[in-house]
Visitor: 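I have a structure here, written as structure tokens, and I will follow up with some questions on it.
Quick caveat, the model's predicted, so the values are computed rather than measured.
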Amino acid sequence: MKNLWMMVVVAGSLLMAGSAAAGTPEKVQTAVEAAKQWLDLVDTGRWGESWDTAAPVFKNAAGRDQWIAMLERARGPLGDVLHRKVQTANYLTALPGAPAGEYVVIQFQVTFSDGKSMVETITPMLDTDNIWKVSGYYIK
């Protein structure tokens, strides 16, 4: 779990400081939907594909094999997702240590089949191809 935290320290840092902006509700909703699609890859064990579809900043933080190994240790033991609900979704235009751009920091409350309830923080960013891609993932 520690390695997963280190890999996605960008996502954790995002919550501590950033520049909030008036993002359109449409952008926030689109980012939330992109995060849910990405989480479906993680939830169904398509961990390599989750890395493949992530933002370049995410890929620069850890290689594909390292990402898969971290998920095996951190997510594997938790089992299936029984319930996931958006708690917060905040549009930001600046994040510490991250390139300038548009981000939505989303927190999900998640219950797993092992009985644990955790918070996932997913940070999609609007990529140069105008598609929301996950730039950070943190689970606690």
Side-chain angles (χ1 to χ4, degrees):
M1 187 70 106
K2 184 176 181 179
N3 288 338
L4 181 61
W5 181 84
M6 290 170 50
M7 191 297 269
V8 295
V9 71
V10 170
S13 302
L14 305 178
L15 297 175
M16 294 179 194
S19 175
T24 66
E26 293 83 15
K27 283 186 177 182
V28 172
Q29 185 58 40
T30 303
V32 168
E33 290 306 315
K36 288 178 179 179
Q37 290 174 4
W38 186 85
L39 284 167
D40 183 58
L41 297 174
V42 173
D43 293 345
T44 57
R46 295 180 287 167
W47 299 335
E49 196 174 338
S50 71
W51 187 90
D52 295 340
T53 61
V57 68
F58 183 98
K59 292 177 181 179
N60 290 336
R64 191 176 198 269
D65 291 340
Q66 184 183 6
W67 170 245
I68 291 169
M70 286 187 280
L71 278 180
E72 285 174 351
R73 286 190 306 275
R75 280 291 304 269
L78 298 173
D80 295 332
V81 171
L82 299 179
H83 179 72
R84 177 181 283 125
K85 181 180 178 181
V86 174
Q87 286 186 315
T88 62
N90 296 303
Y91 179 89
L92 301 170
T93 57
L95 297 171
E102 296 180 74
Y103 298 85
V104 177
V105 178
I106 308 161
Q107 288 191 312
F108 292 93
Q109 182 66 44
V110 187
T111 304
F112 293 94
S113 61
D114 77 342
K116 290 183 181 165
S117 182
M118 303 182 98
V119 175
E120 287 176 313
T121 303
I122 313 298
T123 308
M125 68 179 294
L126 194 59
D127 206 7
T128 55
D129 57 6
N130 210 34
I131 296 174
W132 290 96
K133 295 180 180 174
V134 171
S135 65
Y137 175 78
Y138 178 75
I139 185 167
K140 182 176 179 183

Visitor: Do Thr53 and Trp38 pass the side-chain contact (heavy atoms from CB on, under 4.5 Å) test, and can you show the C-alpha distance, the side-chain angles, and the key distance before you say yes or no?
Guide: CA-CA 8 Å; Thr53 61; Trp38 186 85; 3.5 Å; yes
Visitor: Assess whether side-chain contact (heavy atoms from CB on, under 4.5 Å) is satisfied between Asn130 and Leu126, documenting all intermediate values.
Guide: CA-CA 6 Å; Asn130 210 34; Leu126 194 59; 3.5 Å; yes
Visitor: Working to the nearest 0.5 angstrom, can you tell me the gap between Met125 CE and Thr93 OG1?
Guide: 12.0 Å
Visitor: Would you give the length of the straight line joining atom CZ of Arg46 to atom CD1 of Ile68, rounded to the nearest 0.5 angstrom?
Guide: 13.0 Å
Visitor: Closest heavy-atom contact between Pro77 and Asp114?
Guide: O-OD2, 3.8 Å
Visitor: Measure the CG-OG distance between Asn60 and Ser135 for me, rounded to the nearest 0.5 Å.
Guide: 11.5 Å
Visitor: Would you say the side chain of Pro124 lies within less than 4.5 Å of the side chain of Ile106, judging by non-hydrogen atoms?
Guide: yes
Visitor: Could you please spell out the steps behind the side-chain contact (heavy atoms from CB on, under 4.5 Å) verdict for Gln107 and Val86?
Guide: CA-CA 6 Å; Gln107 288 191 312; Val86 174; over 6 Å; no
Visitor: Go through the steps for Thr123 and Leu95 under the test side-chain contact (heavy atoms from CB on, under 4.5 Å), then give the verdict.
Guide: CA-CA 11 Å; Thr123 308; Leu95 297 171; 4.2 Å; yes
Visitor: Should Phe108 and Met118 be regarded as members of a common hydrophobic cluster, given that ILVMFWY residues are connected when their side-chain heavy atoms come within less than 4.5 Å of each other, either directly or indirectly?
Guide: yes
Visitor: Report the distance from atom CG of Leu39 to atom OG1 of Thr44, rounding to the nearest 0.5 Å.
Guide: 10.5 Å
Visitor: Hey, any chance Ile131 and Phe58 share a hydrophobic cluster, counting ILVMFWY side chains that come within less than 4.5 Å of each other, even indirectly?
Guide: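 No, Ile131 and Phe58 fall in different hydrophobic clusters.
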Visitor: Do the side chains of Lys59 and Trp67 get nearer than 4.5 Å, heavy atoms only?
Guide: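 No, their side chains stay 4.5 Å or more apart.
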Visitor: Nearest 0.5 Å, what's the CG-CD distance between Asp52 and Glu49?
Guide: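 With rounding to 0.5 Å, CG (Asp52) is 7.0 Å from CD (Glu49).
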Visitor: Checking side-chain hydrogen bond (donor to acceptor under 3.5 Å, both in side chains) for the pair Glu33/Gln29: CA distance, chi angles, key distance, verdict?
Guide: CA-CA 6 Å; Glu33 290 306 315; Gln29 185 58 40; 2.9 Å; yes
Visitor: If we only count heavy atoms from C-beta on, is the Val42 to Trp47 side-chain gap below 4.5 Å?
Guide: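 A side-chain contact exists here, since the closest heavy-atom pair is under 4.5 Å.
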Visitor: Hydrophobic clustering (ILVMFWY, side-chain heavy atoms < 4.5 Å, transitive) - are Leu82 and Leu78 grouped together?
Guide: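 No, no single cluster joins them.
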Visitor: If you look only at pairs with a residue in residues 118-131, which of them pass as a salt bridge (charged side-chain N to carboxylate O under 4.0 Å, His left out), with sequence neighbours excluded?
Guide: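 Counting only pairs at least two positions apart or across chains, the salt bridge (charged side-chain N to carboxylate O under 4.0 Å, His left out) contacts touching residues 118-131 are Arg75-Glu120, Arg84-Glu120, Asp127-Lys133, Asp129-Lys133.
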Visitor: Do Trp51 side-chain atoms and Ala62 backbone N/O form a donor-acceptor pair below 3.5 Å?
Guide: yes
Visitor: Can you measure from CG (Leu41) to OG (Ser50) and round to the nearest 0.5 angstrom?
Guide: 6.0 Å
